[in-house]
Amino acid sequence: MIESEQVELKRQYVDDIKNEAIGFLNTNGGAIYVGIDDDGTVVGVDNCEKVMDQVRSSLRNSISPDCGLFVTICSEEIEGKNVVVIKINKGSRTPYYIKSIGPKPSGVYIRIGFSSVQAQEGEILKLIYNNFVSNYETEPSFETDLTFVTCGKAFEEEKVDFSDPKKTSLGMINPVTGEYTNLAYLFSDQCRFSIKCTVFQGSNHSAVLDMQEFKGSVLDQIENTFAFVKLCNRNRYEIKDTRRIDHFDYPAEAIREAIINAVAHREYGIMGSNSVKVFSDRIEVMSLGNVVPGNTADLMKHGQSIQRNPGICNVLHRLHMIEAFGTGIPKIFDMYEESERKPELQFLNGGFLIVLPNQNADSTDSIRQDDQPYNHPTGPSARADAASKVKSRDDILLDYLASHDGITKEDAAGLFAVKPARAYQILEEMKGTALIESRKVGNRKVYYRKTEPQN
């Protein structure tokens, strides 16, 4: 046996074993053999239990963060002699460091060649970055029986291939093992991650009006959350001359961008749900996971950001749900350009919060469509009653068709404040109810109000 990048030999237990362990934790893992000389000569250990206790105590008391899950200590017989073997996997919470020194060059070690050496500041920053940029997407999915009804429809609507070879190129199937990855799991119908939505009465958490949790494909989570929150987006209107001008509490596209941002950039390696909280004066959209180091509020506002989940962003881009990487936050601020109250970006311990202010919260001089105090339907039956008092999508579309000669999915996207893919889905659903029909006009599909047959 000889030393290598992943093998360290020690004739006897010494205190600097902790440095070697840190080097393996911060790099690619390895093993330390106590009882074997540097030249490979097996000398053995007289009392393996004592040495194993010393190693456990040293690693537990000297290294931070805790590395117990990544270390196995045992005894083995090699060439007729007992040696202690410390098997170390690469840690998931880098950088690991000597607790009494802290995460600075004198306390952080990495493996270079056959030795563990002190890390430079740039190398420590890289370890910190690697800790935040998730490998979750590329790891194999624990769920293997996955279906893609929602995702398949979305790809079909955008006329994008979604065959197994395409799933492989997107990173949903491992090209070596043929197994589904966690990226596939996130877009599958079986995804158990969720977004929890809560509507509160007033501007604090004292009274809950409604709660919903949306699971399934992240595409369903985005659409269902957006539809739920839109119920809270009241409209204030004013009359200027003969024109009516609408002023919604929130720009619909800002709500959508905030929800998509939360899904695309959350840390999926930790348990929990993203959340959307609606208050009378604001909407708070929380994405789990600390912001990737290097990201700042100013950079985000200017469209510069470090992606945590490039696979998710790539799929959303292919489906035209995001136009380009890093444009979501600037778009949100652009939509509030003429508003006195501006969105806020808050970097929290364990999460990232986007706060959208209610543009009408301080308005008292104009008429609202809803003259009642701020409210939201509670429970399924109450939501159904409330929905019946609001103009339905069917009515909105039929009103539009009464004054326009047909509508395309692009027109419908603007009418409903959704993406073209979702607009197409809405139009096809309404077509199934026999309210409208479609005809090909050149290369485009145009929808018309269905006419009654003449007797």
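Below, all heavy atoms of this structure are taken into account, side chains as well, without hydrogens, waters or symmetry copies.
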Does [X] come within less than 4.0 Å of [Y], counting only side-chain N to carboxylate O?
X: E157; Y: K159; value: no
X: K166; Y: D161; value: no
X: R192; Y: E143; value: yes
X: D164; Y: K167; value: yes

| said: For Y448, does the six-membered ring have the charged nitrogen or CZ of R439 within the cation-pi criterion, i.e. under 6.0 angstrom from the centroid and within 45° of the normal? | reply: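 R439 over Y448 ring: yes.
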Test item: side-chain donor near acceptor, [X] and [Y], under 3.5 Å:
X: T408; Y: D411; answer: yes
X: H320; Y: E158; answer: yes
X: Q190; Y: T147; answer: yes
X: T138; Y: T181; answer: no

As a quick check of understanding, evaluate side chain to side chain contact (heavy atoms under 4.5 Å, CB included) for N235 and N360, giving each step before the final call.
CA-CA 9 Å; N235 181 28; N360 296 325; 5.9 Å; no
Next on the checklist: For the backbone of L401 and the side chain of R449, can you confirm whether one donor and one acceptor N or O come within less than 3.5 Å of each other?
Outcome noted: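 Between the backbone of L401 and the side chain of R449 there is no qualifying donor-acceptor contact (under 3.5 Å).
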| message | I'd like to know whether S116 forms a side chain to side chain contact (heavy atoms under 4.5 Å, CB included) with I110, so could you lay out the CA-CA distance, the side-chain angles of the two residues, the decisive distance to 0.1 Å, and finally the verdict. | response | CA-CA 5 Å; S116 293; I110 57 175; over 6 Å; no
Counting only heavy atoms not in K342 (residues, nucleotides, ligands), do more than 12 fall under 6.0 Å from its NZ?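 Atom NZ in K342 is crowded, with more than 12 foreign heavy atoms closer than 6.0 Å.
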Do [X] and [Y] come within less than 4.5 Å of each other through their side chains, counting heavy atoms only?
X: Y185; Y: Y136; result: yes
X: L353; Y: F347; result: no
X: Y268; Y: N309; result: yes
X: R282; Y: L356; result: no

Practice prompt. Among K431, E437, E428, find the residue that satisfies the side chain to side chain donor-acceptor pair (under 3.5 Å) test when tested with Y447.
Written response: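 It is E428, the one option of K431, E437, E428 that forms the side chain to side chain donor-acceptor pair (under 3.5 Å) with Y447.
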Inset, instruction - Among residues two or more places apart or on two chains, list those pairs meeting ring-ring contact (aromatic ring centres under 6.0 Å, His included) that have a residue in residues 423-443. - result: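 As it turns out, there is no ring-ring contact (aromatic ring centres under 6.0 Å, His included) pair with a partner in residues 423-443 once direct neighbours are skipped.
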Listing request: all ring-ring contact (aromatic ring centres under 6.0 Å, His included) pairs with a residue in residues 143-171, at least two apart in sequence or in separate chains.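 Counting only pairs at least two positions apart or across chains, the ring-ring contact (aromatic ring centres under 6.0 Å, His included) contacts touching residues 143-171 are F148-F162, F148-Y180, F155-F162.
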Q) Can you say whether the rings of F279 and F200 are parallel (under 30°), tilted (30 to 60°) or perpendicular (over 60°)? A)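 Geometry flag for F200 against F279: parallel rings.
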Scan for salt bridge (Lys or Arg N to Asp or Glu O under 4.0 Å) pairs involving residues 111-125, sequence neighbours excluded, and state none if there are none.
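Every pair satisfying salt bridge (Lys or Arg N to Asp or Glu O under 4.0 Å) with a residue in residues 111-125: E8-R111, E20-R111.
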